[in-house]
Novice: 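Have a look at this one before I ask anything.
In listed order, ligands and their atoms are each counted from 1.
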Amino acid sequence: MSIVIRGGTVVTAEQTYSADVYCENGKIVAIGENLEVPSSAEVIDATGQYIMPGGIDPHTHMQLPFMGTVASEDFYTGTAAGLAGGNTSIIDFVIPAPQQPLMEAYKQWREWSEKSAADYGFHVAVTWWSEGVKEDMATLVRDHGINSFKHFMAYKNAIMADDEILVNSFEQCVKLGAMATVHAENGELVFQLQKQLLAQGITGPEGHPLSRPPIVEGEAANRAIQIAQVMNVPIYIVHVSCKDSLDAITRARSEGQRVYGECLAGHLVIDESVYRSDDFEFAAAHVMSPPFRSKEHQAALWKGLQGGNLQTTATDHCCFCAPQKAAGKDNFTLIPNGTAGIEDRMAIMWDAGVNTGKLTMNEFVAVTSSNAAKIFNIYPQKGAIAVGSDADIVVWDPAGTRTISAATHHQNIDFNIFEGRKVTGVPTNTLSRGNLVYKEGDLRAVKGAGKYVKRKPFSPVFAAMAKQAEINKPTPVPRG
Ligand code: URQ
Ligand code: ZN
Ligand code: ZN
């Protein structure tokens, strides 16, 4: 199977130039003007369009068992929907229940993800601590291509990691050359505020953002960053939603600490007014954590992306349909947390970022693909238009338009948080390892065609930090 993409403009995180791109056996094999290729090659006419690395969504939760139910989107339907939106890889999460061996959970998620239509990897959550957890972390890094471990600082009485888990896990991360990542919300404060709100009779979805104000996120982000500083481990803050946590990242980065930040397409364009709707289903459909924030916080996030203090965008694609959200009809703390976005992230980031001048096309590629590949050590296999890279490519029509709607999206959920938004800039062709899986509205995703992407530890960053950790070790003062 070989494909040549002709007449387009290649846009990478670094460059913009006219060239054809020739793909064979799943790889990019040639890039250049007026390429000579075998006559058998399928031709994609990219005249007036951009040829970019396929999106990498570093934060999804396909078919996640959570809050008494299971996310409605599975690994096949979710990765297929992503392909329709120009997204060609995901990094999902293995989330062991407390006391569940990490290896057992990992095997379960590997089974579930076999059906993926696009390539996928995992972050593994550390939800409890023991010598067995420590050993499983080492096994996962050594034998299974895991190089990042997640810590939920929220969700008390469920998967919350307290400081003891953070400190022990972070120490193991730096020894293994793995990135520590956190969901930064103070779970104790959320729990307390939830109790107070319910006691005041506030049971509707409007209580959700009130129980998780920005300060609750900012405290946790700063605490996680400071613990990472002491433990000398690189740290990645997922779904940064507000200025409070962004300020903690910005401060640390300005002092040279290795901190990375992710923001969600939804948090960049949707605000907290959604929770004040009288329509329970509408408001509950937007219940996710951290919650959607005010426009001031949205503006801060855009500045974070523009200023380089936020490096990636994601979706936290975690789908629950109306009947599932109804579990919290009389108690907002029971509404399963999560929203969708994998099919729309690229178009939202183009329309709200590039079309408004906030992001250059090169910055768009960086924050939707290349930076995630670099941070999680799969660049340039992924996230690049380069000879030898996987042929994960999106051909992008900057003039094309689409009105986003649950009525037409491929996502397996009955709601779309971007409903009715008309975007300019759409994918016309998506290639997944050289296979044309989406063409002008025709989704040709193949169940099980996706491959598990192993990620090496000890990228240059970690080798230096692991060495530094050795150097920093306090030297015992001889007695006497
Ligand atoms: O917290 C997460 O990232 C998962 C459980 C998805 N739900 C959410 O509200 N973000
Ligand atoms: Zn989270
Ligand atoms: Zn998440």
Side-chain angles (χ1 to χ4, degrees), residues 57-73 75 78 90-98 105 109 120-127 148-161 166 180-187 190-191 194 205 207-209 211-212 214 216-217 220-221 224 235-242 245 261-268 270 272 274-275 283-293 312-321 324-325 327-328 332-342 345 372 376 411 413 415 417:
D57 188 343
H59 191 153
T60 61
H61 299 280
M62 303 305 177
Q63 63 193 90
L64 173 70
F66 189 57
M67 294 181 72
T69 184
V70 179
S72 55
E73 188 88 89
F75 278 93
I90 63 171
I91 307 181
D92 205 281
F93 291 84
V94 173
I95 306 181
W109 257 268
Y120 56 95
F122 287 111
H123 311 284
V124 176
V126 177
T127 55
S148 53
F149 289 96
K150 173 74 173 290
H151 309 80
F152 291 92
M153 300 170 76
Y155 307 127
K156 178 180 170 64
N157 298 330
I159 54 177
M160 186 174 98
L166 295 181
T181 86
V182 294
H183 171 137
E185 288 183 296
N186 182 315
V190 170
F191 186 68
Q194 285 177 334
H208 181 69
S211 66
R212 329 174 81 97
V216 163
E217 183 182 331
I235 185 166
Y236 178 95
I237 316 289
V238 307
H239 50 45
V240 174
S241 76
C242 60
S245 43
E262 167 197 285
C263 65
L264 304 185
H267 281 140
L268 286 165
I270 296 167
E272 64 186 348
V274 295
Y275 298 116
H286 288 89
V287 166
M288 68 159 299
S289 296
F292 295 104
R293 304 289 190 186
T312 65
T313 61
T315 63
D316 202 355
H317 190 82
C318 188
C319 300
F320 299 106
C321 296
Q324 294 173 290
K325 292 280 191 175
F332 69 86
T333 70
L334 303 180
I335 299 172
N337 286 205
T339 55
I342 193 166
R345 174 179 66 116
F376 293 110
Q411 299 168 141
I413 181 171
F415 190 85
I417 55 173

Novice: Between Q194 and T333, is any side-chain donor less than 3.5 angstrom from a side-chain acceptor?
Specialist: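 Judged by distance alone, the side chains do not pair up.
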
Novice: With carbon and hydrogen excluded and only N/O/S kept, which atom of H183 is nearest the Zn ion (ligand 2)?
Specialist: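 The closest N, O or S atom of H183 to the Zn ion (ligand 2) is ND1.
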
Novice: Quick one, I417 with M288, criterion side chain to side chain contact (heavy atoms under 4.5 Å, CB included). Give me CA distance, side-chain angles, the key distance, then yes/no.
Specialist: CA-CA 11 Å; I417 55 173; M288 68 159 299; over 6 Å; no

Novice: Which is it for H61 and F66 under the side chain to side chain contact (heavy atoms under 4.5 Å, CB included) test, yes or no, and what are the steps along the way?
Specialist: CA-CA 10 Å; H61 299 280; F66 189 57; over 6 Å; no

Novice: How close does the nearest protein non-hydrogen atom get to atom 2 (C) of ligand 1, and which residue and atom is it?
Specialist: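 Looking at atom 2 (C) of ligand 1, the protein heavy atom closest to it is Y155 OH, 3.6 Å.
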
Novice: Going by distance alone, is a donor N or O of one side chain under 3.5 Å from an acceptor N or O of the other, for T127 and Y155?
Specialist: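 Checked: T127/Y155 side chains show no N/O donor-acceptor pair below 3.5 Å.
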
Novice: Which atoms from ligand 1 have a heavy atom of M288 less than 4.0 Å away?
Specialist: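 Answer, ordered by atom number: 9 (O), 10 (N).
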
Novice: Nearest protein heavy-atom contact for atom 10 (N) of ligand 1: which residue, which atom, what distance?
Specialist: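 Here the nearest protein heavy atom works out to D316 OD2, 2.6 Å.
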
Novice: Identify the heavy atoms of P65 and W109 that sit nearest to each other, and give their distance.
Specialist: CD-CZ2, 4.0 Å

Novice: Give the atom numbers and elements of ligand 1 that come within less than 4.0 Å of a heavy atom of S289.
Specialist: 8 (C), 9 (O), 10 (N)

Novice: For the side-chain contact (heavy atoms from CB on, under 4.5 Å) test, which of T313, T312, D316, V240 pairs with E262?
Specialist: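 Considering T313, T312, D316, V240, a side-chain contact (heavy atoms from CB on, under 4.5 Å) with E262 is found only for T312.
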
Novice: Look at the N, O or S atoms of H61, main chain and side chain alike, and state whether any lies under 2.8 Å from the Zn ion (ligand 3).
Specialist: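 H61 does place an N, O or S atom closer than 2.8 Å to the Zn ion (ligand 3).
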
Novice: Considering only heavy atoms of G338, which atoms of ligand 1 have at least one such atom less than 4.0 Å away?
Specialist: 7 (N), 9 (O)

Novice: Numbering the atoms of ligand 1 from 1, which are under 4.0 Å from a heavy atom of H61?
Specialist: 2 (C), 3 (O), 4 (C), 6 (C)

Novice: Measuring from the Zn ion (ligand 3), name the closest N, O or S atom belonging to D316.
Specialist: OD1

Novice: Between H123 and F149, does the ring centroid distance fall short of 6.0 Å?
Specialist: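 Ring centroids of H123 and F149 are no less than 6.0 Å from each other.
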
Novice: Identify the two heavy atoms, one from A161 and one from L166, that lie closest to each other, and give their separation to 0.1 Å.
Specialist: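 Reported closest heavy-atom pair: CB-CD2, 4.1 Å.
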
Novice: Give the numbers and elements of all ligand 1 atoms closer than 4.0 Å to a heavy atom of C318.
Specialist: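 Here the atoms of ligand 1 in question are 6 (C).
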
Novice: Using 2.8 Å as the threshold, say whether any N, O or S atom from H59 sits that close to the Zn ion (ligand 3).
Specialist: yes

Novice: Can you check side chain to side chain contact (heavy atoms under 4.5 Å, CB included) on M62 and I342, steps first, answer last?
Specialist: CA-CA 11 Å; M62 303 305 177; I342 193 166; 3.8 Å; yes

Novice: Can you find an N/O atom of K150 closer than 3.5 Å to an N/O atom of ligand 1?
Specialist: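 No: no nitrogen or oxygen of K150 is under 3.5 Å from one in ligand 1.
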
Novice: Which part of N337 is near ligand 1, with near meaning a heavy atom under 4.0 Å away: side chain, backbone, both or neither?
Specialist: both

Novice: Considering only heavy atoms of H239, which atoms of ligand 1 have at least one such atom less than 4.0 Å away?
Specialist: 3 (O)

